[in-house]
Number of protein chains: 2
Amino acid sequence: MTISNESRRTSGLSPEYALLGFLEQSRAHGYELHQKLLEHLGEIWHTSLSQTYNILTRLEEQGFIQGTTQEQEKRPAKRRFHLTAAGKRRLETWMTSISVCSVRAIRVEFMTRLYFLYTRNPADALEAIQAQTVSLQTHIARLKERLNNIDSGQIFNCMGMSLRIRQLEVLVESLNECKIQMSTKQ
Amino acid sequence: MTISNESRRTSGLSPEYALLGFLEQSRAHGYELHQKLLEHLGEIWHTSLSQTYNILTRLEEQGFIQGTTQEQEKRPAKRRFHLTAAGKRRLETWMTSISVCSVRAIRVEFMTRLYFLYTRNPADALEAIQAQTVSLQTHIARLKERLNNIDSGQIFNCMGMSLRIRQLEVLVESLNECKIQMSTKQ
DNA sequence: CCAATATACTCACTGAATGACTATATCTAA
DNA sequence: TTAGATATAGTCATTCAGTGAGTATATTGG
């Protein structure tokens with residue numbers, strides 16, 4: 001159960017860590033979190049309000065966040081969430097981990113991680129880029145080897161793999177540019 | 001129902017058209033189709049056998065394919081599928097359409113379309129590349145405009161968008177390389 | 001004072017994807 | 001020759017992402 005939960009994450013990307021990250025900054029309710037997501041990472045996550053609520057519900061069920069219901073005079077009740085100890089640990093583990101080497105994972109998940117690292121301490125963000133770059137490069141090397149092993153008659157398999165490799169190589173370049181951007185902004 | 005089915009396809013990528021494409025070449029049963037997928041497009045689609053069966057079941061429910069059960073002496077019954085008229089139309093529509101301009105959609109869906117176009121008639125494949133490239137370029141232009149409109153204080157939104165644009169630009173280069181590859185192979 | 005919009009959600013559904021399970025046939029090496 | 005590995009051919013249950021429709025109230029502008 002717990003295992004499948006962890007192994008699943010390699011493919012399934014969801015803004016759950018972004019929500020945890022914002023909740024670390026300050027407790028908030030669903031709508032607010034959704035607003036923050038839009039404002040700060042809106043070009044990265046295109047998520048609907050309902051999806052945000054879905055994730056919050058799941059995170060609470062799993063014990064990573066806890067909500068306290070506040071009745072309001074003439075409005076529906078708000079649920080103000082805060083991180084639990086387990087949630088903090090989960091966030092911390094994620095913050096110090098490395099993303100799967102897919103274009104999407106880097107553009108979406110890694111960039112999100114970078115955002116939260118950067119707002120805490122820019123130096124950590126630079127380190128993360130370094131680590132992720134190394135990981136990307138070894139992955140690229142593996143894929144290149146695999147490309148060499150494909151029967152060259154399978155030209156679509158070859159082209160597909162070449163395309164993927166090229167995308168990853170550009171990712172490395174882009175991460176380097178991010179590093180420069182972040183350094184000069186300080 | 002039909003509408004949601006069509007609109008959904010923008011986000012959800014599945015090898016259903018590849019299955020239709022193989023079924024156009026010759027009728028086949030699930031296991032065979034899965035083998036073909038692995039052999040010819042294995043680097044493009046990483047799909048499980050069960051997923052293949054799921055899709056086939058759905059395609060049959062929707063009336064795009066039809067299976068006839070063949071009892072076997074001492075093996076489980078095979079279901080040999082063939083395209084229906086509706087399925088042929090669906091495949092044809094897809095073959096002549098243009099993919100959504102996302103990295104994944106091009107690498108996966110467009111490459112699959114290209115494979116089937118190419119095995120039918122290489123010239124069609126070259127034309128498809130041309131059309132897809134044009135579409136990509138207008139999309140890139142739109143995104144660049146949007147990038148200019150992002151508050152430059154939102155550096156993560158900016159970086160995320162820049163990264164996406166860069167990926168799409170490389171996609172255009174890659175498609176051009178595919179064109180060259182395909183021309184020289186003839 | 002009415003309508004539009006913003007706030008704050010809930011609920012039901014589809015589709016992707018995985019993993020566990022069943023069952024039989026064929027091949028292979030001791 | 002026979003036990004075990006592998007290939008064939010599926011079914012079934014479940015989890016998660018994501019969408020869309022619906023509910024309900026508060027605020028604001030004309």
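The chains referred to below are lettered A, B, ... by the order of the sequence lines, with proteins before strands, and numbering in each begins at 1.
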Within the 4.0 Å heavy-atom criterion, would you say Leu49(A) contacts the bases, only the backbone, or no part of the nucleic acid?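 Answer is base: heavy atoms of Leu49(A) come under 4.0 Å of a base.
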Within the 4.0 Å heavy-atom criterion, would you say Glu32(B) contacts the bases, only the backbone, or no part of the nucleic acid?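 No contact.
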Rounded to the nearest angstrom, tell me the gap between atom [atom1] in [X] and atom [atom2] in [N].
| X | N | atom1 | atom2 | value |
| --- | --- | --- | --- | --- |
| Tyr31(A) | dA24(D) | OH | P | 18 Å |
| Glu60(A) | dC9(C) | CD | C1' | 14 Å |
| Asn54(B) | dC16(D) | CG | C1' | 15 Å |
| Glu16(A) | dC16(D) | CD | C1' | 10 Å |
| Leu33(B) | dA9(D) | CG | P | 11 Å |
| Tyr53(A) | dC16(D) | OH | C1' | 20 Å |
| His34(B) | dA9(D) | NE2 | C1' | 12 Å |
| Glu61(B) | dC13(C) | CD | C1' | 15 Å |

ILVMFWY network linking Val108(A) to Val170(A), side-chain heavy atoms under 4.5 angstrom: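 No, Val108(A) does not connect to Val170(A) through the hydrophobic network.
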Do the ring centers of Tyr53(A) and Tyr31(A) come within less than 6.0 Å of each other?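 Distance test on ring centres: not under 6.0 Å, no.
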Hey, which of Tyr115(A), Trp45(A), Phe116(A) is the one that makes ring-ring contact (aromatic ring centres under 6.0 Å, His included) with His40(A)?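 By the ring-ring contact (aromatic ring centres under 6.0 Å, His included) criterion, His40(A) pairs with just one of Tyr115(A), Trp45(A), Phe116(A): Tyr115(A).
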Any side-chain to backbone donor/acceptor pair from Glu60(A) onto Gly67(A)? Under 3.5 Å, distance only.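 Looks like yes, one N/O pair under 3.5 Å.
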Would you mind telling me which residue lines up with the more 5' stretch of DNA chain D, His46(A) or Phe81(B), judged by nearest nucleotide?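 Mapping each residue to its closest nucleotide by heavy atoms, the 5'-most match is Phe81(B).
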Report the nucleotide, chosen from dA8(C), dA9(D), dT19(D), that has the shortest atom-to-atom distance to any side-chain atom of Ser48(A).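 Of all the options, the side chain of Ser48(A) is nearest to dT19(D).
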Do Ser50(A) side-chain and dG20(D) base share a donor-acceptor contact under 3.5 Å?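 Indeed there is one.
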Just N and O in the side chain of [X]: are any of them under 4.0 Å from OP1 or OP2 of [N]?
| X | N | value |
| --- | --- | --- |
| Arg58(A) | dA17(D) | yes |
| Ser14(B) | dA16(C) | yes |
| Gln51(A) | dG20(D) | no |

What are the two closest heavy atoms between His34(B) and Ser48(B), and how far apart are they?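 Smallest heavy-atom distance, with atoms named: NE2-C, 3.4 Å.
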